[in-house]
Amino acid sequence: MQGSDPAPRYPLAVIVLHWAIAVAVSGLIVLGWWMQTIPKDPVGPRADAYNLHKSIGLSVLLLMVVRLAWRASHRPPQLPPLPLWQARAAHAVHALLYLFMFLDALSGYLGSAVSGFPVKFFGWALPDWAPANAGLKEACSVVHGVSSWALVAAIGVHVVATCYHQWVLHDGLLWRMWPRRAVNLEPKSRAA
Ligand code: HEM
Ligand code: HEM
């Protein structure tokens, strides 16, 4: 039970979602920058990389919808005792991570939908509902690029903060998002 657990955790399904999205988003960022360096001629390898990026990006969008639905209907496990500013900062960074991920995925999809090329999801062509629009495509590309940089910055703060808690404060924050049993965090004070 969470009430008797010294380090309450997120439910396993949320932990699996968190790490699946973290791995996919990291891959998307690398792939997103790298794929644009692939020569346009011959067209195949570049198109394949773009299609893979779009398919993984749309998968992340779907997983994010599931995750947001869980988050909107559940309370996260209670934080360990923290100064108020740190608790507020953690919530603000989490909110920014959600915001930039949605902005990134939605701008990527909308830009692709109006690009004049079919958007394929792992080979399956999605409904072509929008006419080509070069101006809107360009605007979406700018939003996509900026939100990607903003996401990288938010992830950087998030990871540094987690490492600080884990290896400087030793408050076991990482175990809240890790599929293992909670550990006894204060063996000395318990033994005393
Ligand atoms: C692409 C990379 C990542 C993204 C997008 C991401 C996103 C998020 C989000 C949105 C939350 C808030 C969960 C909620 O309450 O709804 C969260 C929590 C958490 N993440 Fe990440 N994360 C990433 C990578 C990492 C990494 C690399 C670590 C470990 C070093 C990590 C450790 C944690 C921990 C410990 C929590 C729980 C924090 C708490 O309970 O206050 N995350 N993450
Ligand atoms: C959270 C999900 C996503 C992340 C983190 C992400 C990340 C990135 C990054 C870092 C770039 C390079 C940006 C630049 O050079 O300015 C990029 C480019 C691109 N992404 Fe994504 N992406 C995501 C979702 C999507 C989706 C869902 C699509 C389309 C269905 C998409 C389509 C594109 C395209 C077409 C480019 C090439 C540049 C452009 O035309 O704007 N992305 N992405």
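Everything numeric here is computed off the predicted structure, so don't read it as measured data. Counting starts at 1 for both ligands and their atoms, following the listed order.
Using a 4.5 Å heavy-atom threshold, the side chains of Leu151 and Met101 count as touching. In this structure, Arg71 and Pro76 have side chains that are in contact, with non-hydrogen atoms separated by less than 4.5 Å. Counting only heavy atoms from C-beta outward, the side chains of Leu68 and Met64 never approach each other to under 4.5 Å. Within the 4.5 Å cutoff, the side chain of Val14 has no heavy atoms near those of the His74 side chain. Between Asp128 and Pro118 the shortest side-chain heavy-atom distance does not fall below 4.5 Å. Proximity of Phe121 to Lys54: side-chain heavy atoms (C-beta onward) are nowhere separated by under 4.5 Å.
Protein heavy atom in closest approach to atom 14 (C) of ligand 1: Arg71 NE, 3.2 Å. For atom 36 (C) of ligand 1, the nearest protein heavy atom (residue, atom name, distance) is Met177 CB, 3.7 Å. In terms of protein heavy-atom proximity, atom 7 (C) of ligand 1 is closest to Leu97 CD1, 3.5 Å. Atom 4 (C) of ligand 2 has as its closest protein heavy atom Asp104 OD2, 3.4 Å. If you check which protein heavy atom lies closest to atom 35 (C) of ligand 2, you get Ser112 OG, 3.8 Å. Of all protein heavy atoms, the one closest to atom 2 (C) of ligand 2 is Leu28 CD1, 3.5 Å. Residue, atom and distance of the protein heavy atom nearest to atom 39 (C) of ligand 1 are Arg176 NE, 3.4 Å. In terms of protein heavy-atom proximity, atom 12 (C) of ligand 2 is closest to Gln36 NE2, 3.3 Å. The protein atom (non-hydrogen) at minimum distance from atom 18 (C) of ligand 2 is His144 CD2, 3.5 Å. Summary of contacts: the protein heavy atom closest to atom 32 (C) of ligand 2 is His53 CD2, 3.6 Å. The single protein non-hydrogen atom nearest to atom 1 (C) of ligand 1 is Ile155 CD1, 3.4 Å, given as residue, atom name and distance. Nearest to atom 34 (C) of ligand 2 among the protein's heavy atoms is Met35 CE, 3.9 Å. The closest protein non-hydrogen atom to atom 3 (C) of ligand 1 is Ala22 CB, 3.8 Å.
Val43 and Val119 fall into different hydrophobic clusters, where Ile, Leu, Val, Met, Phe, Trp and Tyr side chains are chained together by heavy-atom contacts under 4.5 Å. The cluster map of Ile, Leu, Val, Met, Phe, Trp and Tyr, joined by side-chain heavy atoms under 4.5 Å apart, puts Leu106 and Leu103 in different clusters. Under the 4.5 Å side-chain contact rule for hydrophobic residues, Phe122 and Tyr109 share a cluster. Both Val25 and Val152 belong to a single network of hydrophobic side chains, linked directly or stepwise wherever heavy atoms of I, L, V, M, F, W or Y lie under 4.5 Å apart.
Heavy-atom proximity to Leu79, at under 4.0 Å, picks out these atoms of ligand 1: 41 (O). Listed by number with element, the atoms of ligand 2 under 4.0 angstrom from any heavy atom of Gly57 are 24 (C), 27 (C). Below 4.0 Å from some heavy atom of Ser141 lie the following atoms of ligand 2, by number and element: 39 (C), 40 (O), 41 (O). Heavy-atom proximity to Leu58, at under 4.0 Å, picks out these atoms of ligand 2: 27 (C). Within ligand 2, counting atoms from 1 as listed, the ones closer than 4.0 Å to a heavy atom of Ile29 are 5 (C), 10 (C). Close contacts between ligand 2 and Lys137 involve ligand atoms 39 (C), 40 (O), 41 (O) [criterion: under 4.0 Å to a heavy atom]. Listed by atom number, the atoms of ligand 2 under 4.0 Å from Gly145 heavy atoms are 16 (O). Numbered from 1 in the order shown, with element, the atoms of ligand 1 that lie under 4.0 Å from a heavy atom of Leu173 read 35 (C). The atoms of ligand 1 that sit less than 4.0 Å from any heavy atom of Thr162 are 29 (C), 30 (C), 32 (C), 35 (C).
Contact between Leu61 and ligand 2 is absent, with no heavy atom of the residue lying under 4.0 Å from the ligand. Ligand 2 does not have Gly111 within reach: every non-hydrogen atom of the residue lies 4.0 Å or more from it.
Of the options Ser148, Ser115, Gly108, Ala113, the smallest heavy-atom separation from atom 29 (C) of ligand 2 is shown by Gly108. Proximity annotation for atom 19 (C) of ligand 1: of His158, Arg67, Gln78, His158 comes nearest, heavy atoms only. Proximity annotation for atom 38 (C) of ligand 1: of His94, His74, Met101, His94 comes nearest, heavy atoms only. Among Tyr98, Trp175, Trp19, Tyr10, the residue whose heavy atom lies nearest to atom 28 (C) of ligand 1 is Trp19.
Between Trp33 and Trp149, the ring planes are tilted. Angles from 30° to 60° get that label. The aromatic rings of Tyr10 and Trp70 are tilted relative to each other, their planes meeting at an angle between 30° and 60°. By the 30° and 60° cut-offs, the orientation of the rings of His53 relative to His144 is perpendicular.
Proximity of Ala90 to ligand 1, defined as any heavy-atom pair under 4.0 Å, is not found for any part of the residue. With a 4.0 Å cut-off on non-hydrogen atoms, Val159 touches ligand 1 through its side chain and not its backbone. If you look at Val14 next to ligand 1, there are no close heavy atoms at all, none under 4.0 Å.
Note that CG of Leu79 is 5.0 Å distant from NE2 of His91, once rounded to the nearest 0.5 Å. Tyr164 contributes atom OH, which lies 9.5 Å from atom CG of Asp171 (distance to the nearest 0.5 angstrom).
Note: no N/O pair closer than 3.5 Å links Ser26 and ligand 1 by distance alone.
At most 12 non-hydrogen atoms from other residues, nucleotides or ligands lie less than 6.0 angstrom from NZ of Lys120. Within 6.0 Å of atom OH in Tyr98, more than 12 heavy atoms from other residues, nucleotides or ligands are found, so the atom counts as buried in its surroundings.
In terms of modelled atom types and a separation under 3.5 Å, the side chain of Arg46 and the main chain of Ile38 share a donor-acceptor contact.
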